[in-house]
> 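Below you will find the structure I want to go over with you.
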Amino acid sequence: NMAQILLDAPMEQDVESPVTIRQPKLPKQAREDLPKQLVDKEKSKRKIQRYVRKDGKCNVHHGNVRETYRYLTDIFTTLVDLKWRFNLFIFVLVYTVTWLFFGFMWWLIAYIRGDLDHIGDNQWTPCVNNLNGFVSAFLFSIETETTIGYGYRVITDKCPEGIVLLLVQSVLGSIVNAFMVGCMFVKISQPKKRAETLVFSTNAVISMRDGRLCLMFRVGDLRNSHIVEASIRAKLIKSKQTKEGEFIPLNQTDMNVGYDTGDDRLFLVSPLIICHEINQHSPFWEISKAQLSKEELEIVVILEGMVEATGMTCQARSSYVASEIKWGYRFTPVLTLEDGFYEVDYNSFHEIYETNTPSCSARELAEMAARSRLPLTWSVASKLSQQGVLDAEEQQEKSVPYGEEQAERNGDIANMESESKV
């Protein structure tokens with residue numbers, strides 16, 4: 001009995017082990033041996049990794065960049081791309097270092113000339129009047145570079161080296177001002193904040209439109225100033241494997257949203273629904289409703305245009321993963337006609353409602369439509385062929401008695417002629 005208990009114990013443990021095992025702690029080979037249901041459950045619990053976040057920021061980090069000197073070759077763009085706290089720190093640091101450097105140079109000239117040893121001597125002509133130490137030299141440097149000119153400390157004409165330093169500081173100060181002020185101006189006037197008022201619908205939908213299966217999403221502009229030359233693009237981000245076995249991670253495939261018809265160029269005054277027809281050229285041609293929930297894909301949508309106020313190019317981005325693509329839904333209308341104007345209700349901008357939509361793929365839908373048309377064609381052809389056979393038979397039946405009757409008449413005539421000769 002004891003041996004039987006010992007033999008039964010491992011069997012019970014093996015039966016219960018798939019339930020008590022926590023998959024993330026297992027090695028990869030052990031995870032592959034688990035039942036398929038547990039693997040599917042783990043996939044459903046796995047956090048979706050986006051390529052582009054909903055706010056438009058790309059979820060890509062560049063690592064192991066060895067050629068960092070390339071960032072310094074384009075220092076202006078590097079400063080503009082920095083965060084505000086680093087940008088302001090560099091702005092203050094550059095001006096402070098410049099003032100301190102030229103303040104030290106003014107103090108050094110005064111020290112070498114001996115102006116600091118003749119403070120208060122009216123018979124001595126210093127390089128800079130009323131410069132009695134490093135602090136006063138630093139203040140004179142600030143006045144010179146910022147062209148304040150309080151009038152208390154002034155350079156004299158008996159100091160040629162001071163005149164040269166004044167010219168150098170004036171030129172370099174103008175360059176620093178142009179560089180830093182230009183950097184701050186570009187940083188402030190960047191159209192990234194304009195993209196905050198360009199909104200995309202939370203979900204994309206798939207439903208029938210004009211008898212065809214379409215994928216749709218909605219875009220809108222919250223400002224009264226419009227986006228000029230607005231255009232929309234969409235890309236499918238999905239890993240693929242070629243016929244030769246090459247694995248391409250995050251492969252990008254263009255999705256036609258009206259490029260050939262011009263529908264991708266938008267007049268974005270009110271919210272618009274962007275439509276992608278799922279045809280044989282679409283990457284969704286063979287994807288059904290059941291298969292869509294299992295796909296690991298992402299649709300990246302890009303809206304570009306020029307800001308009407310500044311003329312700068314603006315780009316707004318968003319993305320939709322498979323769980324955010326709702327099959328069998330449509331968008332709720334948001335545009336209503338009021339007394340003398342049209343009103344947009346942005347409370348309903350993201351709302352969708354369910355509609356009757358086939359759950360099969362667009363390819364299967366096209367094949368079913370083709371099969372439904374074939375019996376009609378066959379019946380018409382068979383009817384025509386049957387009618388042709390009947391007509392031929394009737395004509396043959398009519399022609400046979402006529403021939404026999406003609407032969408009989410010819411025989412009668414021949415007999416009458418032979419009798420008359422006799």
> Go through the structure and list residues passing side chain to side chain donor-acceptor pair (under 3.5 Å) with Thr261, not counting sequence neighbours.
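Thr261 satisfies side chain to side chain donor-acceptor pair (under 3.5 Å) with Asp263 once adjacent residues are dropped.
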
> If you look only at distance, which donor and acceptor atoms sit under 3.5 Å apart when one is on a side chain in residues 335-342 and the other is two or more places apart or in another chain?
residue	atom	partner	partner atom	Å
Thr336	OG1	Glu338	OE2	3.3
Thr336	OG1	Glu343	O	3.4

> Pairs in or reaching into residues 244-254: which pass salt bridge (charged side-chain N to carboxylate O under 4.0 Å, His left out), with residues at least two apart or in two chains?
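Every pair satisfying salt bridge (charged side-chain N to carboxylate O under 4.0 Å, His left out) with a residue in residues 244-254: Lys235-Asp254.
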
> Does anything in residues 256-370 pair up under disulfide bond (SG atoms under 2.5 Å apart), and if so which pairs, sequence neighbours excluded?
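Of all non-adjacent pairs touching residues 256-370, none passes disulfide bond (SG atoms under 2.5 Å apart).
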
> Name all pairs fulfilling the side chain to side chain donor-acceptor pair (under 3.5 Å) condition that reach into residues 208-219, sequence neighbours left out, sorted by first residue then second.
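Listed once each, the pairs are Arg212-Glu277.
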
> Mind checking what makes salt bridge (Lys or Arg N to Asp or Glu O under 4.0 Å) contact with Arg265, not counting sequence neighbours?
none

> Would you be so kind as to tabulate the donor-acceptor pairs closer than 3.5 Å made by side chains of residues 165-181, with sequence neighbours excluded?
residue	atom	partner	partner atom	Å
Gln169	OE1	Trp106	NE1	3.0
Gln169	NE2	Ser141	O	3.0
Gln169	NE2	Ser141	OG	3.0
Ser170	OG	Leu166	O	2.8
Ser174	OG	Ser170	O	2.9
Asn177	OD1	Tyr95	OH	2.6
Asn177	ND2	Gly173	O	3.1

> Sort and list the pairs that fulfil disulfide bond (SG atoms under 2.5 Å apart) and have at least one residue in residues 320-357, not counting sequence neighbours.
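The answer is none; no pair qualifies.
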
> Can you list, pair by pair, the side-chain donor-acceptor contacts under 3.5 Å of residues 152-160, counting residues two or more places apart and other chains?
residue	atom	partner	partner atom	Å
Arg153	NE	Asn130	O	3.4
Thr156	OG1	Pro126	O	2.6
Thr156	OG1	Cys127	O	3.3

> For the pair Ser207 (side chain) and Arg330 (backbone), establish whether a donor and an acceptor sit closer than 3.5 Å, ignoring hydrogens and angles.
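Answer holds: no.
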
> Considering residues at least two apart in sequence or located in another chain, which fulfil the side chain to side chain donor-acceptor pair (under 3.5 Å) criterion with His226?
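Side chain to side chain donor-acceptor pair (under 3.5 Å) list for His226, sorted by chain: empty.
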
> Applying side chain to side chain donor-acceptor pair (under 3.5 Å), name anything that partners Asp81, two or more places apart in sequence or on another chain.
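Scan of Asp81 (side chain to side chain donor-acceptor pair (under 3.5 Å), adjacent residues dropped) gives none.
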
> Is it the case that the side chain of His276 and the backbone of Asn256 share a donor-acceptor pair, with hydrogens and angles ignored and the cut-off at 3.5 Å?
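Such a contact is found between His276 side chain and Asn256 backbone.
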
> Could you tell me which residues satisfy side chain to side chain donor-acceptor pair (under 3.5 Å) with Glu229, sequence neighbours excluded, listed by chain and number?
none

> Would you check if the side chain of Asn203 reaches a backbone N or O of Lys326 as a donor-acceptor pair within less than 3.5 Å?
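Side chain of Asn203 to backbone of Lys326: no pair is present.
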
